[in-house]
Amino acid sequence: MHKKMNSRLLAVIVGFLATTLLQGCGLFGSSGTASEKENRRGEVTGVPKRTGWKQSLPYDMVPVKAGTFWMGQADEDIAVSQSAFNKQITISEFYMDKYEVSNNKYRQFLEAVRGGDLALGTPTTQEDPPQFNLEELLPDTTVWSSSFTHHYGDPLMEYYFDHPAFDDYPVVGISWEQAKQYCEWRSYHMNANDRSEYDMPRFRLPSEAEWEYAAKGGKDVAKYPWGGPYLKNRRGCLMANFKPGRGNYIDDGFAYTAPVDVFAPNGFGLYNMAGNVAEWVEDAYNPAGSSLSWDLDPVYKDPNEPRKVVRGGSWKDISHYLETSTRTYEYQDVKTAHIGFRTAMTFIGRSGSMDVGSKRRRRR
């Protein structure tokens with residue numbers, strides 16, 4: 001018994017000494033890695049301990065995997081605009097909002113600006129919070145009356161943005177410039193309140209090419225986000241919120257806008273890429289934009305062009321504007337009752353490395 005206990009004690013002592021000596025020799029622990037030893041010898045191996053970062057999936061966003069598609073007209077050009085010629089385009093991975101930005105999400109932006117709560121006292125790698133003028137950020141609620149001739153829009157003008165009944169409806173009365181400021185705030189809000197050592201990429205408006213690629217839902221050529229060519233499913237239900245026929249607005253179930261999560265999502269899990277509200281994108285408008293842009297992640301920017309591209313069609317538009325390839329525009333400072341937006345984020349990583357099989361958010 002006494003000999004057995006002595007043997008156990010001896011084994012513990014030997015194990016402790018061996019571990020201590022081996023750690024001192026750099027065989028265990030991170031203080032003696034091979035790269036650090038090479039650095040001490042004057043070699044260049046890179047700054048240690050910078051690996052392992054993975055980009056998380058922000059709340060209510062979906063991953064859009066890289067791919068190649070035919071950007072441009074998927075059906076006859078009834079407007080005879082000749083502004084959507086077919087061109088093969090390659091798009092890199094990115095994240096995109098699952099839904100259009102809602103009244104309540106935009107309200108969070110306004111409340112943060114109103115209360116001066118941009119950083120919430122949490123350390124950030126960004127030096128200073130962005131500066132906003134609250135009065136310049138407010139949605140224009142008068143668009144429900146001013147956008148249409150002889151239209152009784154007073155109830156929506158009074159309740160649409162402020163009443164909780166419309167919290168999950170898409171925000172409207174927002175200019176392209178305001179949408180850009182929302183992206184700036186959301187970028188700061190995430191990175192200022194994140195415990196990660198490194199900033200996430202900034203939120204932004206999607207490029208026109210990204211928007212069309214995402215709208216097609218993984219299909220190379222698709223007239224509508226659900227494929228097409230029909231506007232109704234097998235049960236006879238309309239697939240989007242728009243203006244059927246010659247003014248039968250209520251046929252799709254909603255006279256005006258609909259909540260951001262109704263109607264079936266497309267192949268990427270994106271809702272209302274056709275109808276409900278049209279959406280601002282990053283690009284300036286040019287009828288010959290497709291011929292001027294590159295075929296890899298194209299975006300047409302022109303600070304001297306006040307017209308910005310609008311995509312997707314809205315609750316007040318006929319079906320032609322719901323097509324994934326239809327291009328329209330509006331002036332960047334104009335606010336209407338039928339244009340909203342959603343945001344995107346660049347994915348940082350090797351091409352083809354995005355795991356779209358799991359849409360769960362990674363913890364940072």
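As the structure is a computational prediction, the values presented were derived from the model and not from experiment.
- Met239 is not listed as a side-chain neighbour of Tyr224, based on a closest heavy-atom distance of 4.5 Å or more.
- Val44 shares a hydrophobic cluster with no other residue; no ILVMFWY side chain has heavy atoms under 4.5 Å from its own.
- Taking all atoms of both residues into account, the shortest heavy-atom contact from Ala274 to Ala240 is O-CB, 3.5 Å.
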Result block: side-chain N/O donor-acceptor pairs under 3.5 angstrom for residues 108-116, not counting sequence neighbours:
unit_1 : atom_1 : unit_2 : atom_2 : d
Glu111 : OE2    : Arg114 : NH1    : 2.8

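- Between atom CG of residue Leu270 and atom CE of residue Met273 there is a gap of 5.5 Å, rounded to the nearest 0.5 Å.
- When every heavy atom of Pro58 is checked against every heavy atom of Ser56, the shortest pair comes out as CD-O, 3.3 Å.
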Residues Val277, His338; criterion side chain to side chain contact (heavy atoms under 4.5 Å, CB included); working and verdict: CA-CA 5 Å; Val277 291; His338 65 278; 5.7 Å; no
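- The hydrophobic clustering, which links ILVMFWY residues whose side-chain heavy atoms are closer than 4.5 Å, places Val62 and Phe94 together.
- Between Ile89 and Lys87, some side-chain heavy-atom pair lies under the 4.5 Å cut-off.
- Scanning all heavy atoms of the two residues, the minimum distance from Pro225 to Asn266 falls at O-CB, 3.4 Å.
- Between the Asp317 side chain and the Gly313 main chain, no donor and acceptor come within less than 3.5 Å of each other.
- Expressed to the nearest 0.5 Å, how far CE of Met61 lies from OH of Tyr99 amounts to 13.0 Å.
- Cluster membership check: Ile348 shares its hydrophobic cluster with Met190, using side-chain heavy-atom separations under 4.5 Å among Ile, Leu, Val, Met, Phe, Trp and Tyr.
- Residues passing the salt bridge (Lys or Arg N to Asp or Glu O under 4.0 Å) test with Arg41 are Glu38, sequence neighbours excluded.
- For the pair Pro63 and Leu57, the minimum side-chain heavy-atom distance is below 4.5 Å.
- With sequence neighbours excluded, the residues forming a side-chain contact (heavy atoms from CB on, under 4.5 Å) with Lys219 are Ala222, listed by chain and number.
- For residues 226-241, the set of pairs meeting the side chain to side chain donor-acceptor pair (under 3.5 Å) definition, not counting sequence neighbours, comprises Asn241-Asn276.
- Remark: the Asp261 side chain and the Tyr271 side chain contain no N/O donor-acceptor pair separated by less than 3.5 Å.
- In summary, Asp60 and Lys105 engage in a salt bridge, as defined by a charged side-chain N under 4.0 Å from a carboxylate O.
- Annotation: cation-pi geometry not satisfied between Arg307 and Tyr285 (NZ/CZ under 6.0 angstrom from ring centroid, within 45° of ring axis).
- In this structure, the separation between OG on Ser145 and NE2 on His150 is 12.5 Å, given to the nearest 0.5 Å.
- Between Phe166 and Pro259 there is no side-chain heavy-atom pair separated by less than 4.5 Å.
- Linking ILVMFWY residues whenever their side-chain heavy atoms come closer than 4.5 Å, directly or via other members, leaves Trp315 and Phe242 in distinct clusters.
- A heavy-atom distance below 4.5 Å is found between the side chains of Phe347 and Tyr95.
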Test salt bridge (charged side-chain N to carboxylate O under 4.0 Å, His left out) applied to Glu282 and Lys308, step by step: CA-CA 7 Å; Glu282 181 67 35; Lys308 305 302 179 184; over 6 Å; no
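- The main-chain N or O of Phe203 is found under 3.5 Å from a side-chain atom of Ser187 such that the two form a donor-acceptor pair.
- At a threshold of 4.5 Å between side-chain heavy atoms, the hydrophobic network of Ile, Leu, Val, Met, Phe, Trp and Tyr places Ile174 and Trp176 in one connected group.
- The two residues Pro201 and Met345 come nearest to each other via the heavy atoms O-CE, 3.2 Å.
- Closest heavy-atom contact between Ser92 and Asp297: OG-OD2, 2.7 Å.
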From CA spacing to verdict: side chain to side chain contact (heavy atoms under 4.5 Å, CB included), Asn86, Met71: CA-CA 5 Å; Asn86 290 100; Met71 183 176 180; over 6 Å; no
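- We find that Glu212 and Lys216 are joined by a salt bridge, their nearest charged nitrogen and carboxylate oxygen being less than 4.0 Å apart.
- Here the side chain of Glu279 pairs no donor or acceptor atom with the backbone of Pro206 at under 3.5 angstrom.
- At a threshold of 4.5 Å between non-hydrogen side-chain atoms, the residues Asn286 and Asp302 do not count as touching.
- Taken from CG in Leu238 to CG in Asp252, the straight-line distance is 6.0 Å, to the nearest 0.5 Å.
- A continuous path of hydrophobic side-chain contacts links Val309 to Met96 [ILVMFWY only; heavy atoms under 4.5 Å].
- In this structure, Ser147 contributes its side chain and Thr336 its backbone to no donor-acceptor pair below 3.5 Å.
- A donor atom on one side chain and an acceptor atom on the other are found under 3.5 Å apart for Thr68 and Thr90.
- By the 4.5 Å heavy-atom criterion applied to side chains, Tyr182 and Phe341 are counted as neighbours.
- A salt bridge is defined here as a Lys NZ or Arg NE, NH1 or NH2 lying under 4.0 Å from an Asp or Glu carboxylate O, and Glu208 with Arg311 meets this definition.
- Taking the six-membered ring for Trp and the full ring otherwise, the centers of Tyr188 and Trp185 sit at least 6.0 Å from each other.
- The two residues Asn103 and Phe161 come nearest to each other via the heavy atoms OD1-CD1, 3.3 Å.
- For Phe69 and Tyr213, the gap between ring centers is short of 6.0 Å.
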Derivation of the side chain to side chain contact (heavy atoms under 4.5 Å, CB included) call for Glu100 and Tyr169: CA-CA 8 Å; Glu100 296 150 336; Tyr169 284 64; over 6 Å; no
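- Within a 6.0 Å sphere centred on CZ of Phe148, other residues, nucleotides and ligands contribute more than 12 heavy atoms.
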Test log, rule side chain to side chain contact (heavy atoms under 4.5 Å, CB included), inputs Asp283 and Trp211: CA-CA 11 Å; Asp283 298 55; Trp211 191 97; over 6 Å; no
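- No side-chain donor from either of Asp168 and Ser102 sits under 3.5 Å from a side-chain acceptor of the other.
- Ring pair Trp144/Tyr160: centre-to-centre distance below 6.0 Å.
- The CD atom of Glu305 lies 7.0 Å from the OH atom of Tyr300; values are rounded to the nearest 0.5 Å.
- Separation of atoms CD (Gln332) and OG (Ser175) is listed at 8.0 Å; rounding is to 0.5 Å.
- Remark: Glu210 engages Arg204 in a salt bridge, criterion side-chain N to carboxylate O under 4.0 Å.
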Show me the donor-acceptor pairs within less than 3.5 Å that the side chains of residues 135-142 make with the rest of the protein, sequence neighbours left out.
unit_1 : atom_1 : unit_2 : atom_2 : d
Asp140 : OD1    : Thr142 : N      : 3.1
Asp140 : OD1    : Thr142 : OG1    : 2.5
Asp140 : OD2    : Thr142 : OG1    : 3.4

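- Residues Arg186 and Asp97 meet the side-chain proximity criterion, which asks for heavy atoms closer than 4.5 Å.
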